[in-house]
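Heads up: the structure comes next, in structure tokens.
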Amino acid sequence: VLPAGGDGPFSAHLALLALLLLWGLPRSRGQNDTEPIVLEGKCLVVCDSTPSSEPAGNALGMSVRSGSGRVAFSVSRQTNHEPTDMSNRTMIIYFDNILVNVGSHFESESSVFLAPRRGVYSFNFHVVKAYNRQTIQVSLMVNGWPMISAFAGDQDVTREAATNAGLVIMEKGDKAYLRLERGNLMGGWKYSTFSGFLVFPL
């Protein structure tokens with residue numbers, strides 16, 4: 001039952017409610033505002049209920065972008081030139097063709113990858129030996145220490161590859177490269193590849 005008269009507090013509330021309905025309620029900030037939030041100064045979290053750049057199936061519409069950017073490289077051999085004096089001395093396997101070098105953290109002259117930040121990195125390699133009856137051993141080295149290795153030693157085939165892959169935790173400034181631990185690559189190593197990328201930072 002409404003109280004009689006139009007000058008009481010109830011009437012004032014009704015008038016205020018009518019104005020709010022007429023003008024619309026203040027718009028609250030929601031997910032569609034996509035306001036970036038800085039977490040520990042390292043990453044940006046952007047929320048959007050209808051993301052346009054994220055993969056389908058992300059129900060929360062949330063993306064996390066590394067503050068250091070994306071990191072990836074992939075290199076290969078294009079020639080069958082014999083190893084140089086430098087490679088014979090260091091036993092580092094050199095690559096003369098850069099396919100991908102996002103972030104420019106793979107040094108082409110030294111064939112060494114330099115980690116830009118601490119994180120989990122994925123590496124894979126495929127080193128071909130041709131017309132070579134010796135067994136070869138190839139290792140992924142991090143700061144001079146072998147992390148994973150692979151062998152190729154079938155003497156009944158003309159071409160064979162030592163191949164392996166794995167995840168490695170690296171600190172900022174750590175160096176990763178391939179080293180020939182056993183045998184030689186005389187006779188050709190064309191089509192060999194070496195790739196890596198940052199899976200996520202730590």
Side-chain angles (χ1 to χ4, degrees), residues 53 55 65-202:
S53 59
R65 296 178 176 87
S66 166
S68 295
R70 297 175 175 86
V71 179
F73 76 92
S74 184
V75 293
S76 68
R77 285 289 305 183
Q78 278 194 322
T79 66
N80 276 329
H81 294 321
E82 303 295 349
T84 64
D85 291 339
M86 182 176 181
S87 62
N88 283 329
R89 190 166 60 249
T90 64
M91 302 307 290
I92 292 177
I93 299 176
Y94 288 85
F95 296 88
D96 60 359
N97 183 41
I98 293 181
L99 303 172
V100 172
N101 195 11
V102 178
S104 300
H105 299 294
F106 183 85
E107 300 175 353
S108 57
E109 292 185 2
S110 62
S111 286
V112 172
F113 170 76
L114 190 67
R117 63 175 303 173
R118 186 173 190 266
V120 175
Y121 292 81
S122 174
F123 294 99
N124 68 81
F125 59 86
H126 183 86
V127 177
V128 176
K129 72 182 185 75
Y131 305 104
N132 186 344
R133 299 180 68 85
Q134 294 189 35
T135 297
I136 66 169
Q137 176 186 349
V138 177
S139 294
L140 171 68
M141 312 292 290
V142 174
N143 297 333
W145 294 92
M147 306 303 292
I148 55 176
S149 297
F151 295 84
D154 191 339
Q155 298 185 4
D156 295 328
V157 297
T158 56
R159 290 178 177 84
E160 189 182 10
T163 182
N164 209 339
L167 299 178
V168 178
I169 294 178
M170 299 181 71
E171 303 291 337
K172 181 178 179 180
D174 282 354
K175 296 180 179 180
Y177 54 91
L178 296 185
R179 177 182 170 88
L180 184 64
E181 301 269 62
R182 178 182 175 187
N184 66 67
L185 293 173
M186 298 295 182
W189 51 353
K190 191 176 180 181
Y191 309 121
S192 298
T193 60
F194 178 33
S195 304
F197 61 91
L198 173 64
V199 180
F200 54 82
L202 293 176

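All values below come from the heavy atoms of this structure, side chains included, with hydrogens, waters and symmetry mates left out. Residues: numbered from 1 along the sequence shown.
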In Å and rounded to the nearest 0.5 Å, what is the [atom1] to [atom2] distance from [X] to [Y]?
X    : Y    : atom1 : atom2 : value
N164 : F125 : CG    : CZ    : 5.0 Å
I93  : S111 : CD1   : OG    : 9.5 Å
S76  : F194 : OG    : CZ    : 13.0 Å
F197 : S122 : CZ    : OG    : 4.0 Å

Can you give me the closest heavy-atom contact between [X] and [Y], atom names plus distance?
X    : Y    : value
S192 : V128 : OG-N, 2.8 Å
Q137 : S149 : NE2-OG, 3.7 Å
G166 : I148 : N-CD1, 3.8 Å
A162 : I136 : CB-CD1, 4.3 Å
L114 : E107 : CD2-OE2, 4.2 Å
V120 : L198 : O-CD1, 3.6 Å

Heavy-atom check, side chain of [X] versus side chain of [Y], under 4.5 Å:
X    : Y    : result
P146 : E181 : yes
V127 : L178 : yes
D96  : R77  : yes
N124 : T163 : no
R117 : L202 : no
F123 : M170 : yes
Y121 : I169 : no
K175 : V142 : no

* Please check if the side chain of D174 supplies one atom and the backbone of A115 the other of a donor-acceptor pair under 3.5 Å. => no
* Trace of the side-chain contact (heavy atoms from CB on, under 4.5 Å) decision for K172 with R118 -> CA-CA 5 Å; K172 181 178 179 180; R118 186 173 190 266; 5.5 Å; no
* Aromatic ring proximity, centroids under 6.0 angstrom, F113 and F73 -> yes
* Do V199 and L167 pass the side-chain contact (heavy atoms from CB on, under 4.5 Å) test, and can you show the C-alpha distance, the side-chain angles, and the key distance before you say yes or no? -> CA-CA 9 Å; V199 180; L167 299 178; 4.0 Å; yes
